Amino acid sequence: MDKNFDAKAAEPRIYAKWEEDGCFKAGVGARRPETFCIVIPPPNVTGSLHMGHALNNTLQDILIRFKRMQGFDTLWQPGTDHAGIATQMVVERELMETQQPSRREMGREKFVDRVWEQKEKSEGTILGQLKHLGASCDWSRNEFTMSEGLSAAVLKVFVDLYNQGLIYKSKRLVNWDPKFETAISDLEVENTEVDGHMWHFKYPLQDGATYEYVEKDEDGNVTLRETRDYISIATTRPETMLGDGAVAVHPSDERYAPIVGKLCEIPVGPKEHRRLIPIITDDYPDPDFGSGAVKITGAHDFNDYAVAQRGNIPMYRLMDTKGHMRDDGAPYVEDAAKAQSIIDGAEMTVNEIDLINIVPDDLRGLDRFEARKHVIDQITAEGLAVTVPADHPDVAWMKGQAPEWDNLGRARFPEIDDDESRVGLNPTLPLVESKKIMQPFGDRSKVVIEPMLTDQWFVDAKTLAAPALKAVQDGTTKLIPENADKTYYNWLEDIQPWCISRQLWWGHQIPVWYGPGVKKVADSGAGIMGKDPIHEVDYASDKLVSFCAANEADALAEAMTYYRQFGEGLDYEVCEDAREAFKRNDDEDGECIAIFRDPDVLDTWFSSALWPFSTLGWPDKTLELDRYYKTDVLITGLDIIFFWVARMMMQGIHFMEEVPFHTVYFNSIVVDKNGKKMSKSLGNIIDPLIMIDEFGADATRYALASQEAQNRRLLRMSNQAAEGGQRFGTKLWNAARFAEINECYGDSASAQMAHGSGTDGIRMAYGWHTPGSQRQTVNKWIVGETGRAVVRVTNALEEHKFNEACSAIYDHVWKVFCDWYVEFSKPLLTGEDPDAKAETRATMAWALDQCLILLHPIMPFITEELWQNLASRKNALMLEAWPSDDIPADAAADAEMDWVIRVIDGIRSVRAEMNVPAAAKIEMVLTGYAPEIGERLLRNSQLIQRLARLSEVAVAEEAPEGCVTIALTECAVNLPLKDVIDIGAESARLKKAFEKVGKEIMGLEKKLSNQGFLAKAPEEVVEEQRDRLNSAQSEAAKLNAAVERLAAMG
RNA sequence: GGGCGCGUAGCUCAGUGGGAGAGCACCUCGUUGACAUCGAGGGGGUCGCUGGUUCAAUCCCAGCCGCGCCCACCA
């Protein structure tokens, strides 16, 4: 064997062999009926994997390998996610950067083809990375959210939910991303605090009406009384004033009571055609905030939307898909008049209102933030900006100059926070309060999200959420760490309808086709008898009838069935889009029914939510679905608990009638060594592939897993961490080299036999030296140590305590096996006793094999390599049986070796302190021992001599003169160091040790004389304290004797 | 505003109702037949602060100080 493990060369070779041998296939090597299944969180096909993925997949691989070795029928289901908006963004950006035609120039079909190319490229990269990491996924089952099978599942889920009334289309206020020109869900919005401004404006009352405006303090004393012909409002978004439908005040607000019900004028647009809107009451306005009056813009603000719905206030859409002021519809004067007619009592449906464009002509087509400037300028010019008392403490004033505008439309007043600028304020200029405001940004686009009133598809999440909530509450699914529960509950308990339609091209197109609407022609006297009104197809209407079906043919069939009631012999046709269909219907003058498919696609998480069952073959009743659903553990990031985990719970329970997994483990977030999130802009990204290249996959995995603890959520990744893993590998490698040199070979054929109680298999593999049959104490001892390590590692992995599993195997390999057992074995392996030699060889081979097995899930490559190097094995280590936890320990051997270790430690410590040269061999004289300790010494003198570098080991009644004494509970170890000893220093050392032990004795005595302790503490605790006291006293006595001896000498 | 979490050795962090731990860094010694990616030894902590519960608190509870994350509609 080489001196080091060449990870770079070996890992790909080993992986290829596993793959060739079919080791990753579902169910391979299963020795028991239970299954263990993990579905991978499918990475987005946007690029390559980062360190967070490396952690996530390392943890999954550890569990899968562990369970596979335990004999479970395992499946790790791999795959990737089409990641709608993210992938579309990547491709669009690339098109732009390479100066290719844009998405719209290419057209939908060509563009989608181009995204598929991106998918292929990225998927290849991702799978390659996972393989480098050692992921033992069943690649033959690799899936993709837009594959044929998974798409069929998506369509079926949509159609079923539609038919169950759990999916519906509705015109509602949604979060609109003006960059991608699509609706997004609440979760895709990031609310960020930014510097903003609040403007105060006057809305004049109709026809110059006036009222007494009175302000009072808490005690009811009048602080302000004036006659006003306006109502003052405050806004952070002046451009939306154009769409106001009302001004609301709180019902209890006496200031405005005189004018409630009156009309006021929106002070923008051509003066003679300004709209008048009512002053209404609603509980929403806070009388203590701003002026207490709120403009209600139902189509562009979520709060206002609620008020508008309650108060039946019309909502006017002001912007187009790009967030520009609308540039369609009739000229302003015409549409504003229509809008006014609603206020005056005319009835209009929401869809009809939507066609009205009340943006003044001069603002049409402007970006919303550009329009804001114009609106402010117009109002200011007209003197309708509010002025406030100059002593107002919290306001900042513009000094004559115009604000600077940033590209997000935020006004910046360079001097506003400068105290100097407050001098000589001009109260005729408008009041602008500088304040922090929460602004919504698209999580992908990073542009300001615009609330928009649009037609979208929604999932009735509330209905689906109830059982998902219950499943966690009653423990059917367990979240780790537990405190994720509350996060999960909070969201599900207040869940909003889920907007699932996206105006994108990359994704699953919504399986709904539309046909012309139906209008009521006459009421044929419907009454008590419930006779139907008469309807007919309305080719000119924008109202549409929906047909939801999994494919076009079914949708057409549905349409035919539906329209047949209006006439026989009609032609039917499926058109490309709405425009074509409308044209066709018009052209044919009622002879043809043209239907078209909804152009929108589904939110990417809609398909991800089905992942645990769609990848297993649903809706087909496959063997895999039957066998592996519900899956076992989901390992993912807390950041997608709502996006993905909660929705998988909802859909899984709804369609499979069983939760998708019994455990969800949320892994940490990987950050750099300074605790900073890794990001391109910070340049602190560690590419997992580069790290693997430099340190090996094993080292990278160890670095990640050993730091993965349940209490902490940040995991600092660094080269230093990987070096630790690499060193550990080298240590193990060299231990194995020692075993090889000393012919400690485990012998083949164990795989099938070694599970269960283990004894038979171990006999086969390692000769007759089964655990428990050893005669040599060190061998008995290492068997017991190994057994304890098995229990620790197994329990840690069962509990998903990855850091504990790592430290358990690390300590066992390094501290126990290498530091002590290898050293203990040397005399036996080089000694004269052939039986002892053979036993030690077999035991070491076995013990080392157990190390390899226990470490394999964490460091699969090096352990597999050693497994193959150390013996001719038929089976891969990855399919070897996990050791049982009933490996026998021998209490006497444990006690004896523990004593040997303490003796050696003590001697080494003294030698170093006394500066005894490492090469110098010294004597040791044992005193104050019981007979059985003398026998122990006899049995182990060789070991002690060797490891403590002693020339001679003796026993005596009395310690010789001029000794350094090490006090143990069972005996005193004396080192005659007459020549080097400094009596003063030694005396001081002993006294220090005596003081320390004396302190402990005092504490223990105090505790043991406390009646409360004796009465209330558990008996075993009391007993333990007594034992400790005895030990301490025994040590103290020996120390005391040594001190006296020294004193006599001096 | 609501929720969650953190504060333990120089650094990064485990951990536990009953003897304070690891890795790294640091200091001393060492190339002894597995390993210098190593071995041996060592220094270093009133476990954030203040109270409470308990026979016993670093651990449980309350408050405070400092830090982080998530959710949220105050115009």
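Order of the sequence lines sets the chain letters (A, B, ...), proteins ahead of strands, with each chain counted from 1. Please read these numbers as outputs of a predicted model, since none were measured by experiment.
A distance of about 33 Å separates the P atoms of B:A72 and B:G48, rounded to the whole Å. Nucleotides B:G5 and B:A9 are separated by 22 Å at their P atoms, to the nearest Å. Only the C1' atoms considered, B:C47 is 23 Å distant from B:G42, to the nearest whole Å. Remark: the separation of the C1' atoms in B:C6 and B:U54 is 26 Å, to the nearest Å.
The number of heavy-atom neighbours closer than 6.0 Å to CE of A:M438, taken from other residues, nucleotides and ligands shown, is above 12.
Aromatic ring pairs are classed by plane angle as parallel below 30°, tilted from 30° to 60° and perpendicular above 60°; the pair A:Y702 and A:F728 is tilted.
Across all strands shown, B:G51 forms a Watson-Crick or G-U wobble pair with B:C61, both key distances being under 3.5 Å.
In this structure, A:Y488 atom OH and B:C69 atom P are separated by 26 Å, rounded to whole Å.
Between the side chain of A:K486 and the base of B:C4, no donor-acceptor pair of N or O atoms lies under 3.5 Å.
Each of A:I922, A:V973, A:I966 was evaluated against A:V910; a single residue qualifies, A:I966, per the side chain to side chain contact (heavy atoms under 4.5 Å, CB included) test.
In this structure, the nucleotide among B:C55, B:A34, B:G23 sitting nearest to the side chain of A:F1013 is B:C55. Residue A:W814 places its side chain closer to B:C38 than to any other of B:G5, B:C38, B:C6.
Taking the nucleotide of RNA chain B with the nearest heavy atom to each of A:N490 and A:L187, the more 5' of the two is matched to A:N490. When the nearest nucleotides of RNA chain B are assigned to A:G724 and A:L1014 by heavy-atom distance, the more 5′-ward of the two goes with A:G724.
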